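Notes follow the structure.
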Protein chains: 2
Amino acid sequence: MIENDIFKALADPTRCAIFEKLATGSMNASALRDGMKISQPAMSQHLSVLRSARLVREERQGRFVNYEVDPEGLALIAGWLAKYRAYWPARIDALKALLKDMDQ
Amino acid sequence: MIENDIFKALADPTRCAIFEKLATGSMNASALRDGMKISQPAMSQHLSVLRSARLVREERQGRFVNYEVDPEGLALIAGWLAKYRAYWPARIDALKALLKDMDQ
DNA sequence: GAATCACATAAGTATGTGCTTATGTGTTGG
DNA sequence: CCAACACATAAGCACATACTTATGTGATTC
């Protein structure tokens, strides 16, 4: 159940914020830490969890490690969500907008 | 951050299984418990968490309480997911299938 | 090659979470 | 009414998790 790891990873608000920040553009761990009240080890641990959940992937660049959003995690969530499409009401505007975007 | 409650609710495998079972059709707490190795209080607590996360909603029917999937929780996940559509690769088959379904 | 930097890992601790048993609440049927 | 039922809540406990400080690892710079 990889989805469980994904949900578990996103269950923590700090980790959710890290992911959200990373979604604005790939950056290294130090850059991610800027403006966030979080220690270096804590950030490293959070990134490790996000990476295990396939929400984030890393790429060594010299002594920096560049992190970026891993689409695979998002795809897995989308897959999970798709299983329950029978329950999506017509009024889900977010989804409708989403669909339009994909059609283009 | 209501999404955090949703992710936290789905982070537990037991709760995930309960939701999945409920997605096959609405039923009461006792029926949900059938075949699952889980005590009555544990089930009640899990349902309470799922309800707080808007993943499930209840309806009293005599001395039974009927539970069903609450589309609002799914919509919130879809909304969260939509924020990161920039990262969806074209190869996400699940999403593509999902889109086709919605178009019909 | 030694110091420094960017990051990872180890170990300990405080808090959170999911379970248990016990009990409470509301409903139904005899 | 009262016994049985369906479910909720309370309290306590075992374990998980998110943090801390301390230290390790690999790369760069002087």
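This one's a predicted model, so the numbers in the text were calculated from it and none came from an experiment. In what follows, every heavy atom counts, from backbone to side chain, and hydrogens, waters and symmetry copies are set aside. Lettering follows sequence order; numbering is per chain, from 1.
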Side-chain N,O (K8(B)) to OP1/OP2 (dG16(C)) below 4.0 Å
no

Y67(A) side chain near dA6(C) phosphate (N/O to OP1/OP2, under 4.0 Å)
no

At what distance, to the nearest 0.5 angstrom, does [atom1] of [X] lie from [atom2] of [Y]?
X      : Y      : atom1 : atom2 : result
L22(A) : I18(A) : CG    : CD1   : 9.0 Å
D5(A)  : L50(A) : CG    : CG    : 11.5 Å
L81(A) : I77(A) : CG    : CD1   : 9.0 Å
L10(B) : L10(A) : CG    : CG    : 10.5 Å
S52(A) : I6(A)  : OG    : CD1   : 11.5 Å

Interatomic distance, [X] [atom1] vs [N] [atom2] [rounded to whole Å]:
X      : N       : atom1 : atom2 : answer
F64(A) : dC7(C)  : CZ    : P     : 6 Å
H46(B) : dC7(D)  : NE2   : P     : 16 Å
L10(B) : dT17(C) : CG    : P     : 15 Å
K37(A) : dC19(D) : NZ    : P     : 14 Å
M43(A) : dA8(C)  : CE    : C1'   : 14 Å

Do V65(B) and L55(B) belong together in a cluster built from hydrophobic side chains that touch within less than 4.5 Å?
yes

When clusters are formed by joining ILVMFWY residues with side-chain heavy atoms under 4.5 Å apart, either directly or through shared neighbours, do V56(A) and V49(A) land in the same one?
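Different hydrophobic clusters.
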
Sequence neighbours left out, what pairs pass ring pair (Phe, Tyr, Trp, His ring centres under 6.0 Å) with at least one residue falling in residues 8-44 of chain B?
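Sorted result for residues 8-44 of chain B: W80(A)-F19(B), Y84(A)-F19(B).
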
Quick one: side chains of residues 35-47 of chain A, donor-acceptor pairs under 3.5 Å with protein atoms, not counting sequence neighbours, listed by atom name and distance.
from   : atom 1 : to     : atom 2 : distance (Å)
S39(A) : OG     : A42(A) : N      : 3.2
H46(A) : ND1    : R15(A) : NH1    : 3.3

Please assess L32(B) against N28(B) for the test side-chain contact (heavy atoms from CB on, under 4.5 Å), listing each intermediate value before the final yes or no.
CA-CA 6 Å; L32(B) 271 171; N28(B) 58 53; over 6 Å; no

Bending between helix ends of the helix from dG1(C)-dC30(D) to dG30(C)-dC1(D) [5 pairs per end, 10° resolution]:
20°

Kindly state which residues belonging to residues 47-57 of chain B come within less than 4.0 angstrom of DNA chain D, counting heavy atoms of the residue only, listed by number.
none

Can you run down the side-chain hydrogen bond (donor to acceptor under 3.5 Å, both in side chains) pairs that involve residues 53-63 of chain B, sequence neighbours left out, and say none if there aren't any?
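Checked against side-chain hydrogen bond (donor to acceptor under 3.5 Å, both in side chains) - neighbours excluded - the pairs reaching residues 53-63 of chain B are R51(B)-E58(B), R57(B)-E68(B), E58(B)-Y67(B).
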
Return the polar atom pairs (N/O with N/O) between nucleotides 21-30 of chain C and the protein under 3.5 Å, or none.
none

I'd like to check the side-chain hydrogen bond (donor to acceptor under 3.5 Å, both in side chains) partners of S26(B); sequence neighbours left out, ordered by chain and number.
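Counting only residues at least two positions away or on another chain, S26(B) forms a side-chain hydrogen bond (donor to acceptor under 3.5 Å, both in side chains) with N66(B).
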
Among residues two or more places apart or on two chains, list those pairs meeting salt bridge (Lys or Arg N to Asp or Glu O under 4.0 Å) that have a residue in residues 17-33 of chain A.
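Passing the test, one end in residues 17-33 of chain A: E20(A)-K83(B).
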
Residues of residues 14-33 of chain B with any non-hydrogen atom less than 4.0 angstrom from an atom of DNA chain C: list those, numerically ordered, please.
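The answer is T14(B), R15(B).
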
